[in-house]
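To find a chain, count down the sequence lines: A is the first, B the second, and so on, and within it residues start at 1.
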Amino acid sequence: MITVEFLGPIGKAPIQIEAKTLADVSAKLKEDAALKEWLDKCAVAVNDTMVSDLSAPLNEGDRVSILPPVCGG
Amino acid sequence: MITVEFLGPIGKAPIQIEAKTLADVSAKLKEDAALKEWLDKCAVAVNDTMVSDLSAPLNEGDRVSILPPVCGG
Amino acid sequence: MELYHGPLDVKSIFNRWLDEHAASNYGAFIPFVGIIREEDDIEALSFDIYEPILQKWFDAWQEKAMQRGAIVKMAHAIGDVPVHTSSYVSAVFSPKRRVALELIEEFVEDFKANAPIWKYDVKKGKRIYAGDRSTPMEGAGLLK
Amino acid sequence: MELYHGPLDVKSIFNRWLDEHAASNYGAFIPFVGIIREEDDIEALSFDIYEPILQKWFDAWQEKAMQRGAIVKMAHAIGDVPVHTSSYVSAVFSPKRRVALELIEEFVEDFKANAPIWKYDVKKGKRIYAGDRSTPMEGAGLLK
């Protein structure tokens with residue numbers, strides 16, 4: 001199991017899913033129509049490190065964060 | 001008569017000379033060997049306005065300022 | 001890096017940073033102060049921050065600044081920040097003017113684009129995500 | 001524009017500028033603080049200023065800043081400024097971040113090149129003109 005958390009304005013509680021890679025996470029999240037619109041513009045971190053590779057393996061207990069568009073300052 | 005004043009590090013007291021234009025001032029100042037080395041790198045103001053035209057007429061009582069290289073801050 | 005709940009006390013942050021580096025022999029100090037403008041009938045802006053990734057972002061910048069002989073500082077507000085008060089103060093200390101001027105610009109612009117902070121307008125007590133003023137982070141769309 | 005004999009009280013200048021514009025609805029405030037570095041065995045730097053032309057230079061900049069919706073501020077020291085103290089503080093207030101970042105850079109660089117201020121190293125109590133670090137002003141060489 002891995003945890004997926006949704007940061008900032010997405011306003012959704014964390015979920016736990018089975019996933020071997022981020023591609024699996026993508027497939028699972030797209031099942032939720034309300035999330036689908038966010039995915040286009042969200043960046044992703046695994047265990048608080050920003051990632052850019054869909055195929056990197058996930059490990060049991062990993063935490064995937066979904067980061068919507070930002071505007072600090 | 002016009003007054004010529006030497007700002008900052010030039011360290012020379014103001015002088016009064018006869019001059020119809022800045023070209024006249026230039027000729028007069030070049031007579032002083034110690035000044036000549038400054039003139040290459042000095043800018044000029046007339047009555048506290050920066051000027052760039054040697055031939056503009058000077059009027060009785062005008063004040064010409066000689067401004068050496070700057071370094072504020 | 002400093003995070004505060006509510007508006008920043010700009011003067012005390014600024015004064016403390018100056019004191020900390022009073023003898024560090026930096027020649028230039030450039031702070032950037034962000035203040036909430038009164039516009040579009042907002043009462044305040046409000047901010048969510050994801051601290052672990054913000055800290056990493058900041059640490060990477062500190063490393064980058066140090067390679068140029070400089071350091072960066074940053075403070076940001078969490079939650080509501082009323083109009084005419086400050087949500088954000090950052091700064092560069094550097095031996096030289098040029099590096100300081102370049103760094104403060106790069107630092108502030110990269111902060112805007114990549115710091116994990118989410119902004120909301122507060123109108124009649126309600127928080128509204130400022131999506132139209134927000135920027136997708138580097139690598140956005142990976143899961144689409 | 002403010003001129004002071006001896007080092008600047010950076011905190012009080014900064015705090016006062018902030019107070020003056022607490023309700024002006026500017027969104028960005030960027031000060032630049034110049035501090036005397038300890039180097040080359042100097043005890044202090046020392047400055048001569050020709051105020052009438054500095055004031056005109058500053059007024060022209062204020063005009064330029066206002067055309068972009070911003071304002072500039074400036075304070076400088078006259079005479080000796082010991083190492084680790086400040087000789088120069090300038091600042092931009094602007095509605096928007098971009099204009100503020102651009103203006104502070106242009107303002108500080110133009111100040112360096114064209115403000116009628118002369119710098120001296122102070123070593124063993126003697127003032128030595130910093131000619132090698134100085135820049136001829138625009139139009140220099142007219143009388144050569």
Side-chain angles (χ1 to χ4, degrees), chain A residues 2-58 61-73, chain C residues 1 3 8 32-37 45-60 74-78 81 86-90 104 107-121 127-144:
Chain A
I2 62 134
T3 302
V4 183
E5 60 178 16
F6 304 92
L7 300 181
I10 304 178
K12 183 178 161 66
I15 58 174
Q16 299 218 315
I17 60 174
E18 296 288 351
K20 298 260 175 265
T21 65
L22 285 174
D24 295 345
V25 175
S26 172
K28 197 77 89 180
L29 296 186
K30 282 187 205 162
E31 293 170 7
D32 181 340
L35 273 180
K36 217 167 165 247
E37 58 172 319
W38 282 107
L39 296 184
D40 277 3
K41 48 190 177 188
C42 283
V44 182
V46 175
N47 301 329
D48 295 335
T49 297
M50 305 300 294
V51 294
S52 57
D53 179 2
L54 264 190
S55 61
L58 294 172
D62 276 355
R63 197 165 39 81
V64 174
S65 305
I66 309 297
L67 297 102
V70 297
C71 187
Chain C
M1 189 183 87
L3 300 179
L8 303 183
F32 176 100
V33 181
I35 303 161
I36 309 297
R37 298 192 70 207
L45 294 180
S46 191
F47 298 89
D48 289 339
I49 293 186
Y50 187 59
E51 187 170 350
I53 291 179
L54 182 60
Q55 186 69 57
K56 283 191 178 184
W57 174 88
F58 180 78
D59 292 345
M74 186 191 131
H76 203 287
I78 298 171
V81 185
S86 172
S87 52
Y88 174 51
V89 185
S90 59
I104 192 69
F107 183 57
V108 168
E109 292 296 340
D110 190 52
F111 170 82
K112 272 280 168 194
N114 287 303
I117 302 181
W118 297 280
K119 180 181 280 178
Y120 306 81
D121 290 332
R127 254 178 146 217
I128 305 149
Y129 174 51
D132 53 338
R133 280 126 67 203
S134 299
T135 311
M137 297 173 77
E138 239 169 78
L142 185 65
L143 300 188
K144 81 178 171 196

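Across C/Met137 and A/Ala43, no two heavy atoms sit closer than the pair CB-CB, 3.8 Å. Of all the heavy atoms in C/Asp48 and A/Gly8, the pair that sits closest is OD2-CA, 3.7 Å. Across all non-hydrogen atoms, the minimal contact from C/Phe111 to A/Gly72 is CE2-C, 3.4 Å. Nearest heavy atoms, A/Lys41 versus C/Ala140: O-CB, 3.5 Å. In terms of heavy-atom proximity, A/Ser26 sits nearest to C/Leu143 at OG-O, 2.6 Å. The nearest pair of heavy atoms linking C/Pro136 to A/Pro69 is N-CB, 3.7 Å.
Counting heavy-atom neighbours within 6.0 Å of A/Lys12 NZ, excluding the residue itself, gives a total above 12.
Put simply, of C/Gly139, C/Ser134, C/Ser86, the one with the most heavy-atom pairs under 4.5 Å next to chain A is C/Ser134. No other option in A/Leu7, A/Leu22, A/Val44 has as many heavy-atom pairs under 4.5 Å with chain C as A/Leu7. Between chain A and the residues C/Trp57, C/Tyr50, C/Tyr88, C/Phe32, the largest count of heavy-atom pairs under 4.5 Å involves C/Tyr50.
With a threshold of 4.5 angstrom between heavy atoms, A/Asp24 does not approach chain C through any atom at all. In this structure, the portion of A/Glu5 lying under 4.5 Å from any heavy atom of chain C is its side chain and not its backbone. At a 4.5 Å heavy-atom cutoff, C/Ala130 makes no contact with chain A through either its backbone or its side chain. Proximity to chain C (any heavy atom under 4.5 Å) is shown, for A/Leu35, by neither the backbone nor the side chain. Contact of C/Ser87 with chain A is made through the side chain alone, with heavy-atom distances under 4.5 Å. For C/Ala77, no part lies near chain A; criterion is any non-hydrogen pair under 4.5 Å. Contact annotation for C/Lys56: only side-chain heavy atoms (C-beta onward) come within less than 4.5 Å of a heavy atom of chain A.
Rounded to the nearest 0.5 angstrom, A/Thr49 OG1 and C/Ile53 CD1 are separated by 7.5 Å. For the atom pair A/Lys30 NZ and C/Lys144 NZ, the distance stands at 9.5 Å (nearest 0.5 Å). Remark: A/Leu54 CG to C/Leu142 CG distance equals 4.0 Å, nearest 0.5 Å.
Taking 4.5 Å as the limit, every side-chain heavy atom of A/Met50 sits out of range of all side-chain heavy atoms of C/Glu138.
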